[in-house]
Amino acid sequence: MTDMFNLSGKVAIVTGARTGIGQGIAEGLAEAGADIVGAGHAPMPETEAYISGLGRKFVYYDIDLGKQDKIQALVDDTIKTFGRLDILVNNAGIIRRQDVLDFSEENWDDVISMNLKSLFFLSQACARYMKDNGGGKIINIASMLSFQGGIRVVSYTASKSGVTGVTKLMANELAKYNIQVNAIAPGYIATNNTDALIKDPKRSAEILGRIPADRWGKPEDLKGAAVFLASRASDYVSGHVLAVDGGWLAR
Ligand code: NAP
């Protein structure tokens, strides 16, 4: 049974694998046997050391995902280096906090370009290859704000609501090519992204008070869901948004 989750011989691109959730997911996929291309705009020595220590290959790919100009090259170079591409994890994402009445065009465009536009065009580039090569797995990182409104983060909420829509649409069109497109919606995970919330005693207490698991999540908490959605175990799971939230949405 555990063989269904084995990723030996598979190659995964994980965006934003330097820190936080992306780092946890890249490490989890490597623990299950995959080789990893860590795509981001700064080297990832910690992630690289951990994955190399497992005896898996790790390649850092320098790309600014706030723009779309290097997306095709990332896919082409991954295939050139490893001879295959099986899994894409669209994890890289940014957030901008500003009151809705003051929210700037820059804070809108930057977040949408990175969290939604790059996610789509990288998925498209990978899917074109996967279609002609037996299939693959695309995992998008959504959010609780794919379901809820949130406050002071309007472009982030728009992007993450969009991520679930794109996930379902791509799943619908690509399932017939044995490409499964799914999303993981993390709850409140302690990372750089949530640092401002954790440091705000009022917001931090409000958030913790609503989490049935009674703790903030850790990047490692995402490993199991990611390995499941990257592996043969999820071959008939398509267009699903899997919350890993300590029970937040059920509250
Ligand atoms: P994080 O540590 O800030 O991770 C974001 C990652 O994206 C980092 O590796 C970052 O690289 C990378 N990145 C930022 N700008 C980039 C750019 N222009 N080009 C390439 N890479 C870029 O925060 P995180 O919480 O782990 O976030 C990961 C994902 O989870 C995001 O999509 C976020 O929206 C989502 N999420 C987080 C939570 C949470 O509670 N933490 C909840 C729901 C969803 P650098 O560090 O090198 O800048």
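The shown structure was predicted, so the numbers you read here are calculated from the model rather than taken from an experiment. Ligands are counted one by one from 1 in listed order, and the atoms in each one are counted from 1 as well.
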Report the member of [options] with the shortest heavy-atom distance to [atom].
atom	options	result
atom 11 (O) of ligand 1	Lys67, Gln23, His41	His41
atom 23 (O) of ligand 1	Thr47, Asp62, Thr194, Asn193	Asn193
atom 37 (C) of ligand 1	Ile21, Val14, Leu119, Ile141	Ile21

Below 4.0 angstrom from a heavy atom of [X], which ligand 1 atoms are there? Numbered from 1 as shown, please.
X	result
Tyr188	40 (O)
Ile189	39 (C), 40 (O), 41 (N)
Pro186	42 (C), 43 (C), 44 (C)
Gly20	2 (O), 26 (O)
Ile94	14 (C), 15 (N)
Gly66	18 (N)

Tell me, please, which residues at least two apart from Trp248 pass side-chain hydrogen bond (donor to acceptor under 3.5 Å, both in side chains).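 Scan of Trp248 (side-chain hydrogen bond (donor to acceptor under 3.5 Å, both in side chains), adjacent residues dropped) gives Gln148.
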Could you tell me whether the side chain of Ser234 and the main chain of Val237 form a donor-acceptor pair under 3.5 Å?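 Flag not set: sc Ser234 to bb Val237 has no pair under 3.5 Å.
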List the closest protein heavy-atom neighbour of [atom]: residue, atom name, distance to the nearest 0.1 Å.
atom	value
atom 34 (O) of ligand 1	Tyr156 OH, 2.6 Å
atom 18 (N) of ligand 1	Asp64 OD1, 2.8 Å
atom 3 (O) of ligand 1	Asn192 CB, 3.6 Å
atom 5 (C) of ligand 1	Gly93 O, 3.6 Å
atom 28 (C) of ligand 1	Asn91 OD1, 3.1 Å
atom 24 (P) of ligand 1	Thr191 OG1, 3.4 Å
atom 16 (C) of ligand 1	Met114 CE, 3.2 Å
atom 44 (C) of ligand 1	Ala142 O, 3.2 Å

Is any NZ, NE, NH1 or NH2 atom of the basic residue among [X] and [Y] found under 4.0 Å from an Asp or Glu carboxylate oxygen of the other?
X	Y	answer
Glu206	Arg203	yes
Lys80	Asp77	yes
Arg97	Asp200	no
Arg215	Asp221	yes
Asp132	Arg128	no
Asp86	Arg84	yes

Quick one: does [X] get an N or O within less than 3.5 Å of an N or O on ligand 1?
X	result
Thr19	yes
Ala39	no
Gly16	yes

With a 4.0 Å cut-off on heavy atoms, does Gly187 reach ligand 1?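 In this structure, Gly187 qualifies as a contact of ligand 1 - some heavy atom is under 4.0 Å.
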side-chain hydrogen bond (donor to acceptor under 3.5 Å, both in side chains) partner of Thr167, the single match among Asn182, Asn172, Asn140: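 Exactly one candidate clears the test, Asn140.
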Would you say [Y] and [X] are linked by a side-chain donor-acceptor pair, where the criterion is simply a distance under 3.5 Å?
X	Y	answer
Ser113	Lys67	no
Ser123	Asn90	yes
Ser8	Asn6	yes

Heavy atoms of other groups near Lys202 NZ, more than 12 under 6.0 Å: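 No, NZ of Lys202 has 12 or fewer neighbouring heavy atoms, counting only those of other groups under 6.0 Å.
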Structural part of Ile63 in contact with ligand 1, heavy atom criterion under 4.0 angstrom: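 Ile63 to ligand 1: backbone contact only, side chain stays beyond 4.0 Å.
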